[in-house]
Structures are given as structure tokens and as C-alpha cells.
Amino acid sequence: MGKQETLGDLELLVMLAVLHTEPEAYAVSIRREIEERTGRGISRGAVYVTLERLEKKRLVESGLGDPVPERGGKARRYYSPTKRGLAVVRSTHAMHEAMVSGLERLLERAR
Amino acid sequence: MTVGRGPGRVAERFAVWIVGRDRAESVIGDLVEEYEGVCSRRGQWVAGVWFLLQTLFVGTRLRLGEWRGPGWGADVRVGVRRLMREPGFSVVAVLALALAIAANGVVLSVARTVLFGPMPFPAWDRLGVLTSDHVGSETGGFGVSLLSMSDLSERTRTIEASSLYMDWQDLTLTTRDEAHRVPAAFVDAAYFDLLGLDVSLGRAITPEENQPTGAQPVAVLGHGFWRSAFGGDPNVVGRSLLLNGRSWQIIGVLADDRGDLRYRWGEDPVGIFLPLRAADALTPFQLDTSRGLRVLNALVRLRPSATIPTMQEELTRISESLAQIYPADHEGWTFRIEALDEAFYASFRAPTRVLIGGSIVVLLLVIVNLTTLVLIRATGRSDEWRVRRTLGASRGVLFRQLVTEHSLLTLAGGTAGILLALWLLSLIESSAALNLPSYASTRLEGRTVVASLSVALVLGAWFSAMTMLALRGQSSGAGLSGTRQSASRTVRRAQAGLVAAEVALALALLVGAGLLLQSLRTLEGTGYGFDAERLLLARVDLRGERFSDDVLRAQSSRLIERAERIAGVEAAFVWSPNRLGHGNDVELLTLEGRFRDNPHERLEASMHLLHPGTLAKLGVPLLSGRDVAASDGAGAPRVALISQDLATALWPGQDPIGQRMETVERGSPLFITVIGVVGNARHRTRLIQPFGPQRDIYYPYAQNPLRTWTLALRYADGADVAAITRAARGVIRDIDPQLPVHEVTTMAERMREEESRSRLATTLVATYALLALALATLGLYGVISYWVAQRRREIGIRLAVGAGRGAILRTILHGGVSAVGFGIVAGVVLAVASAGAIEAALYGTRPLQAPVFAVAAVTLALVALAACVVPAWRASRLEPSVVLRDGSL
């Protein structure tokens with residue numbers, strides 16, 4: 001079996017949040033997206049570190065936007081997935097899907 | 001929404017410094033953006049704090065992310081090497097931190113239980129202890145009676161559930177031919193529910209088994225007792241026990257020992273739980289005969305809507321109305337409610353607070369001190385720093401190395417501290433010195449460990465930041481060609497301030513330790529008022545029907561007679577009903593004919609039972625009248641001796657001999673004629689009431705034969721106590737082979753145990769104080785040495801141009817002396833301000849004592865001056881030619 005690049009939990013969450021919020025995907029909106037969808041808190045530091053790691057792996061790319069007055073004239077760093085990033089999300093998702101199929105029945109039995 | 005102004009320029013610059021310039025734009029922009037949201041919801045202050053904290057969290061996280069990798073390992077190696085190169089500093093720092101963190105860990109572990117609970121009972125914060133209080137009572141804490149509790153239950157709206165129990169009557173358990181004393185508790189069915197007790201085998205006592213007519217002979221075993229006496233036998237249910245000569249059936253075993261509310265570490269836990277109404281058969285008390293029979297403990301659960309104060313208001317009202325309906329039994333009595341944790345932990349709280357204060361001060365001192373040392377160390381590093389900066393090392397890289405190095409140091413200290421705390425806690429737990437309830441845990445919690453390590457990490461960062469600041473100050477504007485400048489005025493001021501703070505904290509601790517020592521001396525110097533030397537004690541319980549009053553009278557006299565024949569025994573007597581020097585059996589007394597209608601005139605007195613000659617053997621002087629005589633027997637008029645304090649209280653300025661007193665015995669009035677007055681003696685626990693009036697009443701044993709004895713033997717000087725103990729056991733066995741003997745000990749041993757808790761606190765605070773003194777001295781010495789090193793060149797020049805050595809000495813001393821002076825003044829203020837906190841932990845000692853303050857201040861001043869004089873003297877001895885030649889930089 002060939003080794004295929006997949007994503008860790010947090011990496012997947014952040015990747016998916018980037019996809020959902022694009023083209024407005026920056027740290028604040030990404031974190032909010034994750035919190036709203038999962039109901040699970042995630043620290044700001046973790047978001048930044050994960051984004052930097054994803055960028056290093058060339059799964060996302062980023063660029064600064066225009067200065068925003070509400071931010072004391074500072075620009076936002078927007079993220080978007082690369083082709084590679086999309087492929088990895090797809091393969092990770094497929095892996096999860098493969099593991100999850102048939103699970104409902106098992107959970108039903110345990111009830 | 002208007003655009004806010006952000007968290008401010010300073011905060012943003014700090015953020016840039018923390019997060020790093022390359023990320024500043026996006027990350028700080030994000031934080032500012034969210035700051036505006038927090039600001040509009042929670043206000044500027046909260047938002048400001050939020051911003052700083054988030055900056056720290058995010059910054060740390062991002063930098064940590066960066067630090068992973070090869071650079072990290074290199075930093076650790078460099079740090080370790082550097083620390084090894086200065087073993088003196090490293091060892092002192094690790095040890096000091098370890099001591100401070102261990103002290104805090106231990107004290108916090110104890111304090112968590114003692115100060116904050118939680119107790120291992122359901123809804124523990126709504127549980128309360130109900131007692132009765134008599135007007136003018138000094139000791140308080142009388143029990144409640146079965147009948148008055150049911151009166152109360154009909155009237156209250158604040159009590160959700162209540163339970164009555166009696167846990168101070170021991171039972172005699174007979175197995176084959178041996179007899180054991182077993183602590184027992186008579187409990188109603190609600191007791192198990194209220195405390196959330198489960199059985200691991202069988203079942204608990206049911207309400208039916210508590211009916212007065214049908215108190216079934218059933219028993220539930222305590223968990224610990226089941227394990228120790230039955231080896232944890234799973235088939236124990238259904239077997240029977242011989243208790244006080246009767247057969248009882250075991251119906252269950254409790255799952256743990258939480259049900260024992262009186263149990264202390266080092267004592268036997270309650271072994272057997274019996275139905276409450278079984279007390280009618282097994283104790284001298286017929287519970288439903290009188291409202292005045294206040295022999296039961298009561299536990300209540302408050303309704304969620306009620307509080308202790310509102311319940312007390314209601315209880316006071318109900319007490320007043322009961323006093324009108326049943327004046328004979330309720331006049332002068334009030335129900336009292338106390339929260340369960342307060343009732344159990346109150347006596348531990350004051351010393352614990354003092355210890356918390358002490359250990360925090362020690363931690364602060366260690367921090368201040370190490371900061372001084374770190375600053376001194378930084379100056380030794382400025383050359384290296386300049387070289388590395390010039391070679392292109394970024395400030396970030398250098399800071400990272402500093403943080404690594406200092407964190408290694410502080411984490412080593414923190415880890416050592418935690419290990420030390422674990423060891424100390426195991427010592428405390430095994431020594432029983434704290435005398436805590438059995439269910440109180442002093443385990444070192446995960447939270448405490450995390451907090452200790454966090455403190456260590458923060459300190460690592462703090463030391464690094466201080467080093468950075470010091471290095472920056474020295475290297476500003478100076479490259480490789482820079483000259484060593486003397487420490488700037490502000491740095492020196494800061495150091496002097498730190499020293500003054502150390503001196504102040506050390507002085508406050510010294511004063512506290514002095515006060516505690518004096519209190520301990522007072523306590524030790526407070527004698528019993530009787531001869532407590534060379535006394536061997538053994539408690540004997542005579543439960544069961546075969547011990548009728550006549551048997552008790554005869555056997556006690558026989559026991560005394562036989563015991564006095566043991567070789568090496570000078571005198572023997574039987575003391576009853578309480579322990580010698582530990583009694584708390586309180587009776588209420590008035591002048592004849594005044595008892596019923598004059599509750600305010602009732603006086604509390606401790607009750608004791610005497611055989612003829614006991615007082616002389618004990619060493620309590622007979623001041624007037626006569627001793628108990630053989631003629632004061634069962635049929636004779638009731639008589640008593642009283643203590644001097646009681647005589648003065650009842651008949652001030654009159655001769656009490658032949659006068660009559662009144663009290664209540666089993667619900668009916670009893671008149672007693674005074675036959676003698678004796679000297680005051682402290683028969684109650686000295687820690688509870690060491691300095692109040694000592695009111696005692698002594699009855700002839702023959703007129704009131706009770707079933708708990710203490711056989712006391714006065715042995716000769718140099719006698720073989722072990723042999724006498726064996727002989728005494730033999731004598732008791734001869735009287736009756738099935739008498740359980742327990743608490744065999746000497747009076748001296750008993751006194752030591754009694755004082756151990758107060759001694760523990762004193763020892764700890766004294767240790768803290770000495771530690772603080774050593775730390776302050778070390779700090780002062782370090783700072784002055786540092787100043788001297790900084791000013792070598794200046795001193796050399798001054799000496800070269802003709803300054804006298806005395807002048808140099810004065811100049812150097814001046815800074816140190818003024819710092820010490822400020823410190824002492826501040827320390828006195830601090831000690832006075834914290835006097836209130838320590839007062840509660842003192843016995844017979846006022847917190848503001850000029851001598852203690854003076855001794856502490858003078859000691860500190862002398863030691864501090866010595867610490868200044870040594871380096872100053874060395875400075876004044878410098879050779880200008882040497883200094884100016886090699887001190888060229």
C-alpha cells in the first residue's frame with residue numbers, strides 16, 4: 001500500500017474551514033467557522049500554528065489584503081487552498097468515508 | 001459602530017515584541033479586530049487584559065512552534081553547559097526554588113481540604129451540625145435530646161432532613177476469651193442517607209429497626225473495622241457479635257469509613273453502627289425520658305433556600321417558644337447551627353492561614369533573591385553578549401537561549417520541589433500530627449503540580465527578561481569598544497528596593513515565628529494544676545449487665561488496692577468518667593433552689609468522680625473542708641468537693657463548706673452539699689480552654705459509679721515503666737479477664753500529642769523565618785558585593801587620589817544600611833498589619849508584643865549589617881594600583 005499524504009484532525013478542520021470561508025478565509029473567520037460548526041473551542045495560537053504548517057506543506061497559500069481601519073490599519077492575511085491541498089482533503093475525506101460506512105448500524109446496536 | 005482606537009500603542013508594541021515583526025501585520029491585526037468586539041461587549045479594561053493575555057498565548061504558541069527542531073536541542077545543551085559552569089549559582093537557585101515550591105505545595109494541599117472543602121458527602125455545603133447552647137456557657141456545643149429534636153422538626157421550615165446519632169459511647173466486643181473496646185455509633189436510618197453512605201455487603205439500618213419498642217439487635221460494620229477485625233470476610237453478614245454481653249446480628253458492611261464523623265488520623269475508626277434506640281439498652285441513657293437529655297449529636301441538611309444565618313434566626317425563635325412550653329428543660333437553652341465544614345475544620349483554619357502567608361512570603365523572597373542573583377550574573381555576561389550581538393546573533397535568538405537556560409533551572413527547582421512536597425506530605429500523613437478527619441485528603445493534586453510548574457516556567461521567563469533588560473542597559477550605545485559602566489542609578493535603586501523588600505518580608509516572618517514560639521512556651525508552661533509527672537494511664541471500660549453499681553464500687557476499690565502493690569508504683573487511683581486532663585463532661589449548677597427558673601445563674605463545671613485519697617495522690621491541694629470518705633456511700637447524703645474558681649463563682653466571699661448546690665440528674669433535681677474546696681486544676685483539654693476559670697466538681701465515686709475508668713499509676717523515679725505496664729494489665733485481668741484495656745500511655749506522652757499540632761505550625765513558621773533570614777542575608781551580601789564589583793575602578797581612583805579607607809567603607813555601607821533601614825520599617829508595618837491573621841493561632845499571647853518585635857528587628861539588623869560589612873570592608877582594603885591596572889576595562 002502506497003503512502004499517501006493525509007491530514008491530522010486539526011489540519012483537516014482548518015482546511016475545511018478555509019474551504020468554507022473562502023475567499024474571506026483569514027485566521028479570525030476560520031476560527032469562528034470551526035467554533036460555529038463544531039461547537040468546539042479552539043485556541044487562536046493553534047489556528048495560527050496550523051495555518052503556518054499547512055502553508056509550509058504547500059497545502060494552502062496566503063497573501064495580505066488591503067489595510068482595514070478596524071484593525072488599526074493592518075491588513076488581513078487571506079488563505080486559499082492549493083491544488084495539492086484540495087487533493088489531500090479529498091483523500092483524507094475518502095479515507096474517513098471508508099471507515100465510517102456501515103457505522104450507523106454498529107452504533108444502533110450499542111444503544 | 002465607530003472605529004475604536006485599539007488597545008493602545010504600548011500594548012501593540014508589546015504585542016509586536018512578543019509575536020515577532022514578521023507576523024505582526026496579520027496576527028496583531030486579527031487580535032485588534034477581535035479586541036474591538038470584546039471592548040464593545042465587556043468594556044475597555046476587560047478587553048485590554050484580554051488583548052495582553054491573547055498576545056501572550058498566541059505569541060508563545062507561535063514561538064514554540066518555531067522552536068521545535070534542531071535549534072531547541074542546541075539551546076538546551078548550551079543552557080545545561082552554562083549552568084554547570086556556575087554550580088554555586090545553579091545549586092542555590094534550584095534548592096531555594098525547590099524549598100519554596102515544596103512549602104507552597106504542602107501548605108496548599110492541606111489548605112485545599114481545610115479551607116475550601118469539598119467534603120465527601122452529597123450536598124455537603126448544605127450540611128450542618130446542630131447543637132445546644134446554654135446561656136453564658138463557655139464551651140458550648142452541648143448535644144440535643146431526642147424529644148427536643150422532634151419538637152424542632154415539627155416547627156422548622158429550614159431543615160430538609162435531619163439525623164440523630166451518638167458516637168461517643170464505646171462498646172465491649174467479646175471474642176472467645178478476649179475483650180476489645182470498639183468505638184461505636186448509634187445512628188438512625190437517616191444517617192446513611194444524609195451522608196450518602198453505601199453498604200458493600202448486606203444492607204443498612206432501616207427506620208423500622210429504629211422504633212423505640214423494637215430496636216432490633218442488628219449491627220452494620222464500619223469498613224475499616226470489617227477489614228481489621230474480620231479480615232474482610234465476605235460472608236460476615238448474618239453472623240452475630242457479642243457486644244456488652246449481648247448478641248447482635250451483623251446485617252451489613254459499609255463501603256468506606258466516611259460515616260465516622262469523629263474519627264481522626266491515628267485513632268480507631270467507628271467499628272460498629274447500631275440502631276439509635278439500641279442506646280437505651282447499651283448506654284446509661286433512656287433517650288425518650290427527658291427533653292433535657294442532651295446527649296445526641298444532630299446532623300441536618302438545610303433546604304436549598306435556607307442559609308446558616310436564616311436558619312439560626314429560626315432556631316432562636318423556636319428555642320424561645322420551646323422555653324415557654326417546657327421551661328424546665330428549655331429555659332436558657334438555644335439551638336445552634338454550624339456548617340459542617342466549619343464545625344470540623346475551624347480549629348485548623350487559623351494555623352493554615354498563617355502557614356499560607358508564610359510560604360507565600362518565602363516564595364516571594366526566593367523570587368526577589370534569585371532575581372538579584374540573576375542580575376548580578378547578567379553583568380558577568382555583558383562581554384559575551386556584545387561579542388555575539390556584533391557577530392550577528394539576533395536578540396530573539398539570544399533571548400531564546402536565555403529562556404531555555406533559565407527554564408531548565410526553574411523547572412529543575414520546580415520538579416525537585418514537587419518531589420520534596422510529596423515526601424513531606426507522606427511524612428505528615430503518617431505522623432498524624434495534623435489530627436485531621438480521616439476523609440480529609442492531603443494528596444498533592446494534579447492542579448497543584450501544574451500550578452507549581454507554571455510558576456517555575458513564568459519565573460524562567462521573568463529571569464530571562466530581567467537579564468535581557470540588564471544586558472540591554474549595559475550595551476546600549478556601546479559596541480565592542482564600550483567600557484564597563486557602573487550600574488545605573490535606577491538599577492541600583494531597584495536592587496536596593498529588592499533588598500528592602502526582602503528585609504521587610506523576613507522581619508514579618510521572624511515576628512510571626514517569635515509570637516508562635518512564645519505562644520508555645522506559654523502553652524508548655526501552663527501546667528495542669530496537678531502533678532502530671534510519672535503518671536502511667538490505662539483506660540478501662542466496664543460495659544454490660546454484669547457490672548452493676550455495686551460491682552463497680554467494689555471492683556474499683558479492689559483495683560486500686562491491687563495496683564498499689566505493683567513494685568515501683570507509689571500510688572494508684574481510678575479516675576472517672578473522662579481521661580485525665582482531657583475531660584469535658586460538663587454539668588450545670590446553681591445555688592440550691594435557683595436551678596429551674598434562673599437559667600442565667602447556671603454555671604458550667606467539669607464533673608469528676610473520686611475515691612477517698614485520689615486528690616492527694618493526684619496532687620490537687622485540699623484548701624478547706626474534707627476529702628471524700630468511705631462513709632460517702634450509696635445511701636448517704638449527696639456531697640461534692642468543688643474547685644476554688646467554682647467556689648468563688650457560687651459564694652463570693654463566703655465559706656462554701658456545708659452550703660448546698662442544685663443540678664439535674666436524669667431529669668430530676670439533685671441537691672449536693674459542699675464538703676471541701678480544692679485548688680484549681682486544668683482537667684479539660686488545655687487547647688480548648690486553657691485560660692478561662694477552672695470550674696470543677698468532684699463527686700464520690702460510690703455515689704455515682706460510672707463505667708469508664710482511667711487507672712492511673714504514679715511510678716517511682718527510675719522505675720521500669722514497661723514492667724509496670726505489664727503488671728497493670730495483669731491486675732486488670734485479675735479483676736475481670738474480659739475487660740478491654742486501651743489508651744495505655746504516660747501523661748507526658750499524652751501532653752506531647754496534644755501539643756503536636758501547635759508545635760508543627762510553630763516549627764514550620766520558624767523554619768520559614770530562618771529561611772527568610774538566610775535568603776535576605778544572602779541577597780544583601782550579593783547586592784553589596786555586586787556594587788563593590790561595579791565600583792572597583794571608582795574606588796581605586798578615589799583611593800589613589802587620597803580618599804581614606806573609612807570613607808570608602810562608609811560610602812559602600814551607606815547604600816546597604818539605608819536599604820536595611822527601610823526594610824525594617826516596612827517589615828514592622830507589615831507585621832503589625834498581619835497581626836490579626838496570626839492572633840487566632842496564638843494561645844495566651846497577644847499579637848502586638850514590643851519585645852518580640854524588638855528582638856526580631858535587632859536580630860535582623862545585626863545579621864543584615866554583617867552581610868553588608870564583609871564586602872564593604874573588602875572594598876576598603878582594595879589596592880588602588882592593582883585595581884587600576886587590571887580593572888582596565
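Lettering of chains follows the sequences in order, A, B, ..., and the numbering in each one begins at 1. Predicted, not measured: the structure shown is a model, and the values here were computed from it.
For chain A, the nearby part of B/Glu34 is the side chain; its heavy atoms alone come within less than 4.5 Å. Proximity to chain B is limited to the side chain of A/Arg31, based on heavy atoms less than 4.5 angstrom apart. Only the side chain of A/Ser43 comes within less than 4.5 Å of a heavy atom of chain B; its backbone N, CA, C and O stay farther away.
Judged purely by distance below 3.5 Å, without hydrogens or angles, the side chains of A/Thr82 and A/Arg58 never pair a donor atom with an acceptor atom.
Checked for salt-bridge contact, A/Arg71 and B/Glu33 meet the test: a charged N lies under 4.0 Å from a carboxylate O. A salt bridge is absent between A/Glu97 and A/Arg90; no separation between the charged side-chain nitrogens and carboxylate oxygens falls under 4.0 Å.
In terms of heavy atoms, B/Gly37 sits closest to B/Ser40 at O-OG, 2.9 Å.
Ranked by heavy-atom pairs under 4.5 Å with chain B, the first of A/Ser62, A/Ala75, A/Ala27, A/Gly73 is A/Ala75.
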